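Comments concern the structure below.
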Amino acid sequence: MRRPFVAGNWKMNLTLAQGKALAAAIAADCPAGDSVDVALCPASPYLLPVKDAIAGSGVQLGAQNAYFAAPGAFTGEIALDMLLDVGCQWVILGHSERRQFFGDTDALINKKLIAARQKGLGVIFCVGELLAERQENRTEAVLETQMAGGLADVDAAMFEGVVIAYEPVWAIGTGVTASPEQAEAAHLYLRNWVRSHYNNAAADQLRIQYGGSVKPDNAAELLSQPNVDGALVGGASLKPEQFLPIIQAARGIVK
Ligand code: 13P
């Protein structure tokens with residue numbers, strides 16, 4: 001049984017006042033005990049105020065990145081202990097924007113992922129191909145490299161707290177969504193990868209989110225695919241009137 005999981009990745013957006021208001025609006029519609037898991041991932045300065053705004057609701061807190069090392073002399077970085085300290089249950093790792101703009105390699109993502117799991121933090125591990133890679137029919141090869149690299153030395157027990165987000169880079173922030181068939185094919189590939197590298201239970205329990213221009217008008221069709229278990233939402237997570245219908249589309253879907 002896989003509970004749907006919808007997460008909002010706010011990226012480097014919003015003011016403090018906007019973030020608090022947005023979090024309160026989402027929390028008001030997502031009570032504890034809801035049939036869908038919902039997480040908000042604000043920029044780090046807003047983690048604490050967002051935590052306060054979602055207190056008592058069913059909404060969980062996530063960060064957008066972390067460093068693997070123990071607290072110490074790493075100017076500008078954020079330790080996993082700090083994320084736990086402010087109430088995070090999740091951290092997004094391997095987002096394509098980190099890979100493209102900030103030099104996050106598969107090896108670095110792997111170190112972060114292992115450190116996060118050792119601390120008991122849930123990980124939303126992002127993978128996805130560039131447009132040129134898809135056009136060259138290299139999608140599965142890219143996913144294989146990212147999965148093998150990011151999950152190196154991650155055993156089945158450690159893998160239990162990992163959610164995978166399939167985010168084709170060409171669909172992020174572009175308004176071009178993967179078709180339900182394209183998303184389903186990639187998700188099935190990822191689940192089968194987990195089946196062959198871990199075991200059936202790990203594959204059957206794994207939740208795979210789709211990310212890339214998810215909107216209220218395409219969410220239901222994407223989420224109805226057998227291997228799509230949720231969404232990682234960027235732009236549409238910044239407005240309650242867009243994010244709440246996406247959450248609603250995920251309610252009651254159990255696979
Ligand atoms: P958009 O929903 O804005 O395309 O962003 C997707 C994403 O990158 C979520 O992590």
Side-chain angles (χ1 to χ4, degrees), residues 4-14 18-19 22-23 26 36-44 46-47 50 59-66 83 88-102 104 109 112-113 116 121-131 133-134 139 142-143 146 150 162-180 182-183 186-187 190 207-223 225 228-250:
F5 183 16
V6 177
N9 175 8
W10 292 1
K11 309 191 180 184
M12 199 173 73
N13 289 300
L14 304 177
Q18 288 169 337
L22 174 58
I26 303 306
V36 55
D37 285 339
V38 175
L40 298 181
C41 305
S44 349
Y46 304 156
L47 284 168
V50 166
V59 180
Q60 303 176 30
L61 188 66
Q64 298 175 15
N65 185 34
L83 298 185
C88 287
Q89 290 109 314
W90 296 98
V91 61
I92 298 172
L93 294 176
H95 193 280
S96 64
E97 287 148 19
R98 302 270 347 147
R99 293 177 188 262
Q100 280 184 290
F101 307 135
F102 304 102
D104 279 25
I109 294 161
K112 294 179 176 185
L113 190 149
L121 208 56
V123 172
I124 299 176
F125 169 43
C126 303
V127 294
E129 81 287 359
L130 303 169
L131 180 59
E133 293 166 340
R134 174 162 284 267
T139 298
V142 170
L143 295 179
Q146 293 175 342
V162 176
V163 167
I164 292 178
Y166 170 62
E167 298 207 315
V169 180
W170 46 273
I172 294 176
T174 58
V176 180
T177 317
S179 69
Q182 287 172 321
H187 285 223
L190 292 166
R207 292 185 293 181
I208 309 177
Q209 297 174 321
Y210 168 79
S213 298
V214 177
K215 307 287 178 209
D217 63 0
N218 60 28
E221 201 182 0
L222 286 160
L223 289 163
Q225 299 303 307
V228 178
D229 307 307
L232 182 56
V233 186
S237 74
L238 301 175
K239 294 184 177 149
E241 67 272 22
Q242 291 192 14
F243 196 45
L244 288 173
I246 296 172
I247 296 169
Q248 178 58 25

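Whatever order the structure lists them in is the order used to number ligands and atoms, beginning at 1. These numbers were taken from a predicted model, which means no experiment stands behind them. No hydrogens, no waters, no symmetry mates; every other heavy atom, side chains included, goes into these values. Along the sequence shown, residues are numbered consecutively beginning with 1.
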Donor-acceptor pair, distance only, cut-off 3.5 Å: does the side chain of Q146 make one with the backbone of G128?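 It does hold such a pair.
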For Y46 and L14, indicate whether the former's side chain and the latter's backbone hold a donor-acceptor pair under 3.5 Å.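 Yes.
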Got an N/O contact under 3.5 Å between [X] and ligand 1?
{"X": "E167", "value": "yes"}
{"X": "G211", "value": "no"}
{"X": "G173", "value": "yes"}
{"X": "E97", "value": "no"}

Are F243 and W10 an aromatic pair, judged by ring center distance below 6.0 Å?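 Aromatic pair excluded; centres sit 6.0 Å or further apart.
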Might you work through the salt bridge (Lys or Arg N to Asp or Glu O under 4.0 Å) test for D229 and R207, ending with a clear yes or no? CA-CA 5 Å; D229 307 307; R207 292 185 293 181; over 6 Å; no
Please identify which atoms of ligand 1 are closer than 4.0 Å to at least one heavy atom of [X].
{"X": "L232", "result": "9 (C), 10 (O)"}
{"X": "G235", "result": "1 (P), 2 (O), 3 (O)"}
{"X": "G234", "result": "1 (P), 2 (O), 3 (O), 5 (O), 6 (C), 9 (C)"}

Looking at every non-hydrogen atom in both residues, tell me the closest pair between G62 and P42 and how far apart they are.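 It is O-CD, 3.4 Å.
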Do H95 and E167 have a side chain donor and acceptor closer than 3.5 Å?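 The criterion, which ignores hydrogens and geometry beyond distance, is satisfied for E167 and H95.
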Would you please say whether a donor-acceptor pair under 3.5 Å links the side chains of W170 and E129?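 There is such a pair (donor and acceptor under 3.5 Å, judged by atom type) between the side chains of W170 and E129.
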Any atom of ligand 1 sitting under 4.0 Å from a heavy atom of [X]?
{"X": "G212", "result": "yes"}
{"X": "K11", "result": "yes"}
{"X": "A171", "result": "yes"}

Check N9 against ligand 1 and report side chain, backbone, both or neither, counting heavy atoms closer than 4.0 Å.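 The answer is the side chain of N9.
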Check against side-chain contact (heavy atoms from CB on, under 4.5 Å), N9 and V233: CA-CA 6 Å; N9 175 8; V233 186; over 6 Å; no
